[in-house]
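Order of appearance sets the numbers: ligands from 1, and atoms from 1 within every ligand.
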Amino acid sequence: MKIIFIGAPASGKGTYAKRLVKEYDLTHISTGDLIRKEIEAETQTGKQAKEYTSKGQLVPNEIIIELLKERMSKEDAKKGFILDGFPRNMKQAKELESITEIDKVLNFEVTMDTIIRRITGRRICRSCGEIFHVKNIPVKDNKCTKCGGEVYQREDEKPEVVKQRLSIYETESKPLTQYYEEKGVLVNIDSNKDVSNPEFDVIDVCKEIFNRINNRINIER
Ligand code: AMP
C-alpha cells in the first residue's frame, strides 16, 4: 500500500502517519524528519537545508528529491509506505511519478484556528521525531514517552517562520489537491478534531480507507 499524506503544517499528517504505520506494517517516510536528521548530524546537506528551513522556505527540489530517492531505495520502503510532507509542489509530484505509483492521497483539511492552536503547542522529540502537544499530548520534564529523548519546540515553529510556511503552503502545495483530485486519487479528511478529543474519529476514517485499499490489492493479486 502506497499512500501520500498532504495538508497544511500541523494538519495532523505526521501524528496520524506514525500511528497508522504500526497497525498496517508500513514505513513512515517524512521528508521533514529526514531533513531534521541531516541538520542534527550537521552534514553538508543539513547545512544547506537549514538555510531554507530556518526561514520557513522549501528546501530546493534537487536536495529533497535526492534525500527521498535514497530513503525510498531502502528495503523497508518496499513493503509499502506513508509519504508525509512530499510532494510539496508540482515539480516534486511529477518527479514522484517517475519513482513510484501511488494508491491514494489523503488530504488533511484544517481551519486556520486549528493550525495556530496546534503549532503554538506542538513539541517534538529530537531523537525519534515523536510528536507531542503541551495540552493534548503532554510530556513530563521534556522527556519523550517513546524513547526518552529530549522534547523541544521546532525552530521553524516560531510565529514569523510559521507565517512564511503557511504562505508557501497556500501558493506551492495547495494546488496539489486539485492535481490529485483530477487524477481520481484524492480523499479529503476533516482533521480539525484533536487526537485527545473523545469523539476523535480521524484515525477511523483513515483505517476505512486503508482497509478498502488492502482489499482491492488482495483481489488484484
Ligand atoms: P515538515 O516537518 O514536513 O513540516 O517540514 C519541515 C521543513 O522541512 C519544511 O518547512 C521545509 O523547509 C522542509 N521540507 C520538508 N519536506 C519538504 C519538501 N518535500 N520540499 C521542500 N522542503 C521540504
Side-chain angles (χ1 to χ4, degrees), residues 2-18 21 27-72 77 81-100 102 105-108 110 114-116 118-133 151-177 179-180 191:
K2 296 166 178 178
I3 311 281
I4 301 177
F5 278 9
I6 58 173
S11 56
K13 305 184 297 289
T15 303
Y16 296 128
K18 283 184 169 61
V21 286
T27 297
H28 178 205
I29 302 179
S30 152
T31 45
D33 284 350
L34 292 178
I35 288 174
R36 279 185 287 279
K37 266 196 200 136
E38 296 288 326
I39 293 176
E40 279 289 314
E42 298 183 354
T43 62
Q44 193 55 34
T45 303
K47 283 178 193 157
Q48 279 176 296
K50 198 174 176 181
E51 306 250 329
Y52 299 89
T53 57
S54 62
K55 296 187 201 127
Q57 295 168 354
L58 292 185
V59 169
N61 287 330
E62 314 80 73
I63 297 180
I64 200 80
I65 289 166
E66 199 46 47
L67 273 180
L68 180 81
K69 279 187 176 164
E70 197 188 313
R71 183 65 189 87
M72 294 277 274
F81 54 78
I82 298 178
L83 195 46
D84 154 19
F86 191 101
R88 262 180 155 98
N89 58 30
M90 285 304 298
K91 168 88 176 88
Q92 294 179 10
K94 301 266 185 202
E95 191 69 35
L96 185 62
E97 277 158 30
S98 71
I99 306 173
T100 182
I102 291 296
V105 177
L106 274 56
N107 176 34
F108 292 81
V110 277
T114 304
I115 294 173
I116 302 294
R118 284 195 189 149
I119 283 197
T120 49
R122 180 153 74 175
R123 300 293 181 267
I124 180 170
C125 173
R126 210 180 274 287
S127 308
C128 73
E130 188 71 6
I131 300 163
F132 301 94
H133 187 279
V151 171
Y152 77 116
Q153 181 176 34
R154 282 166 46 174
E155 283 302 320
D156 63 352
E157 301 211 317
K158 310 274 156 72
E160 327 76 64
V161 188
V162 167
K163 223 168 139 190
Q164 175 69 1
R165 284 170 64 205
L166 290 175
S167 140
I168 287 179
Y169 169 74
E170 285 294 324
T171 53
E172 300 223 23
S173 311
K174 212 171 173 183
L176 290 172
T177 54
Y179 179 72
Y180 286 121
S191 184

J.: So among K158, Q153, E157, which one has a side chain to side chain contact (heavy atoms under 4.5 Å, CB included) with E155?
T.: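 Considering K158, Q153, E157, a side chain to side chain contact (heavy atoms under 4.5 Å, CB included) with E155 is found only for K158.
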J.: With heavy atoms under 4.0 Å as the rule, classify the contact between D156 and ligand 1 as side chain, backbone, both or neither.
T.: side chain
J.: Between Y16 and F5, does a ring-ring contact (aromatic ring centres under 6.0 Å, His included) hold up when you go through it step by step?
T.: CA-CA 9 Å; Y16 296 128; F5 278 9; 7.8 Å; no
J.: Can you pull out the closest protein heavy atom to atom 14 (N) of ligand 1? Residue, atom name and distance to 0.1 Å, please.
T.: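 Result for atom 14 (N) of ligand 1: I35 CD1, 3.5 Å.
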J.: Find all atoms of ligand 1 within a distance of less than 4.0 Å from any non-hydrogen atom belonging to R36, and give their numbers and elements.
T.: 2 (O), 6 (C)
J.: Have a look at ligand 1 and work out which part of I64, if any, has a heavy atom under 4.0 Å from it: side chain, backbone, both or neither.
T.: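 Only the side chain of I64 comes within reach of ligand 1.
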J.: Which protein heavy atom lies closest to atom 22 (N) of ligand 1, and at what distance to 0.1 Å?
T.: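 It is V59 N, 3.0 Å.
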J.: Which heavy atom in L96 sits nearest to a heavy atom in P87, and how many Å separate them?
T.: CD2-CD, 4.0 Å
J.: Below 4.0 Å from any atom of ligand 1, is there a heavy atom belonging to R154?
T.: yes
J.: Would you kindly specify which portion of Q57 sits under 4.0 Å from ligand 1, judged on non-hydrogen atoms: side chain, backbone, both or neither?
T.: backbone
J.: Under a 4.0 Å threshold between the charged nitrogen and the carboxylate oxygen, would E130 count as salt-bridged to K18?
T.: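 Salt bridge absent between K18 and E130.
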J.: Closest non-hydrogen protein atom to atom 20 (N) of ligand 1, residue and atom name please, with distance?
T.: Q92 NE2, 2.9 Å
J.: Report yes or no: does a heavy atom of F86 sit under 4.0 Å from some atom of ligand 1?
T.: yes
J.: Identify the protein heavy atom lying closest to atom 9 (C) of ligand 1, giving its residue, its atom name and the separation to 0.1 Å.
T.: R88 NH2, 4.0 Å
J.: List ligand 1 atoms under 4.0 Å from R165, heavy atoms only on the residue side.
T.: 4 (O), 10 (O)
J.: Regarding E40 and R36, does a basic nitrogen lie under 4.0 Å from an acidic carboxylate oxygen?
T.: no
J.: Distance under 4.0 Å to a non-hydrogen atom of T31: what atoms of ligand 1 satisfy this?
T.: 15 (C), 16 (N), 17 (C), 19 (N)
